[in-house]
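Since this is a predicted model, take the numbers as computed values, not measurements. Chain letters run A, B, ... following the sequence lines, proteins first, then strands; residues in each count from 1.
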Amino acid sequence: MEFSEMKMIWDSQNQEPLYAMNEGALQAIVQRKKQESERCLSRCFATEITIGMICGALMFLCAVALLVSGPALLAALPRMKAAASLWDVLALVTAGGIWFYYSAYMYLARKRQQRRVETFDSSLRGNLERALSQTDFQIALARDIVWWGLVPVWLAGALWVGTLLQLKAAPPTWAYVVMAALLIGSLGFVVVQKQRSITNRFEPRKRELESLRAKLADPQR
Amino acid sequence: MAQMEVRMMEVSEQSRIFDEWLSRHKGLLFKVVHAYSFRSHDREDLFQEIATQVWNSIPRFRAESSVSTWIYRVALNTALAWSRKERKHREQTQPLDHEPVLRETSRAKDHRLGWLYEQIGQFDHVDRSLTLLLLDGYSYREMAETVGISESYVGVRINRIKTHLKNLTKEEQHHGV
């Protein structure tokens with residue numbers, strides 16, 4: 001069969017389409033899907049940013065409360081010291097600052113991600129480049145977030161819990177041990193999860209996209 | 001308030017364009033769906049995904065290419081992304097939670113059309129895209145723009161595709177089909 005004959009066979013479906021479409025249902029689904037995907041990504045980043053803001057504000061509030069009415073506040077709570085030291089206040093202010101920094105870090109990450117998506121053309125190659133860039137971004141974020149996001153947040157958590165223990169009249173030694181174990185354990189867990197997502201999810205996707213790009217670039221493949 | 005009104009007007013204009021594009025070029029979408037998915041549930045899923053991406057692409061359309069080329073480009077890109085995603089979730093077929101959007105009207109009268117789709121389905125993504133565009137009469141330049149490769153490279157691949165398809169038909173004839 002010659003190619004011109006194949007084309008005629010192909011064109012026969014223009015007269016008699018293989019499918020019919022329910023336009024009303026499609027409109028509803030398109031609107032729903034569009035809103036879902038937009039919401040999902042925004043929600044993830046918004047949650048992280050909000051957590052950072054709330055925790056930061058909470059730490060600052062605690063620091064101000066300790067500074068302004070420390071003795072009265074501590075007297076109202078059971079088994080607390082008579083007065084907080086300036087070091088306690090400083091620890092809380094530092095922890096608050098770190099949480100605000102975390103919010104800003106996530107906000108900038110979101111902006112970076114939005115800018116990256118806008119810079120590619122709409123051809124198949126442009127689309128592949130965009131998907132590759134997005135995957136690179138996800139790998140970099142999963143790596144960077146450990147050192148530039150999670151370690152600072154872990155430090156803020158340690159400062160917060162440490163200050164609370166410090167304010168107790170007679171802090172038991174085991175409480176420090178449990179606190180340290182919990183914080184180190186949780187940090188370790190998150191680091192392992194991030195590394196797993198890089199190895200099992202992002203890197204295979206990257207390899208697949210790179211092989212497709214190579215196929216586009218090399219006529220002999 | 002004024003901004004909200006402008007946004008609502010934009011959305012209704014987008015809906016109008018979407019309806020128009022879909023009624024004119026739905027045949028093209030059906031072809032991409034049929035070439036990339038092989039079960040009715042998957043076809044439904046891919047068709048919805050392509051329609052969503054066509055809707056999203058409307059504000060980015062700058063009339064630098066024809067509408068049909070633009071839609072083809074969006075549809076092929078979506079099919080590629082969908083194929084990657086679908087491979088991961090092949091086993092997880094979920095029941096539809098809405099009215100089906102796509103209904104098969106008739107089996108192709110010419111069985112050779114089914115055979116052609118089967119062969120196209122065996123190609124890798126680049127060749128599959130090029131074959132669809134070729135069969136729909138797009139120029140090498142349009143194919144090159146859609147796929148993002150040079151025109152000469154399109155030529156090389158097209159020649160190979162044509163030869164391959166021709167050999168396949170010979171084999172079929174040889175086996176008496």
Check against side-chain contact (heavy atoms from CB on, under 4.5 Å), Thr169(B) and Glu2(A): CA-CA 9 Å; Thr169(B) 56; Glu2(A) 288 303 313; over 6 Å; no
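- The neighbour count for Tyr107(A) OH, taken as heavy atoms of other residues, nucleotides or ligands under 6.0 Å away, does not exceed 12.
- Ranked by heavy-atom pairs under 4.5 Å with chain A, the first of Lys166(B), Lys31(B), Lys162(B) is Lys31(B).
- Residues Ile9(A) and Trp115(B) form no side-chain contact, since every pair of their non-hydrogen atoms from C-beta on lies 4.5 Å or further apart.
- In this structure, Met53(A) places its CE atom where only 12 or fewer heavy-atom neighbours from other residues, nucleotides or ligands lie under 6.0 Å away.
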Chi angles and distances behind the side-chain contact (heavy atoms from CB on, under 4.5 Å) call for Glu5(A), Arg112(B): CA-CA 10 Å; Glu5(A) 201 178 339; Arg112(B) 290 175 300 177; 2.9 Å; yes
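- For the residue pair Asp136(B) and Lys7(A), the shortest heavy atom distance occurs at C-NZ, 4.1 Å.
- Side-chain contact between Tyr117(B) and Gln13(A) is present, with at least one heavy-atom pair separated by less than 4.5 Å.
- Of the atoms belonging to Leu116(B), it is side-chain heavy atoms, and not backbone ones, that fall under 4.5 Å from chain A.
- Ranked by heavy-atom pairs shorter than 4.5 Å toward chain A, the options Leu22(B), Leu168(B), Leu28(B) are led by Leu22(B).
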Working for side-chain contact (heavy atoms from CB on, under 4.5 Å), residues Leu134(B) and Trp10(A): CA-CA 11 Å; Leu134(B) 177 72; Trp10(A) 184 256; over 6 Å; no
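- For Ile161(B), no part lies under 4.5 angstrom from a heavy atom of chain A.
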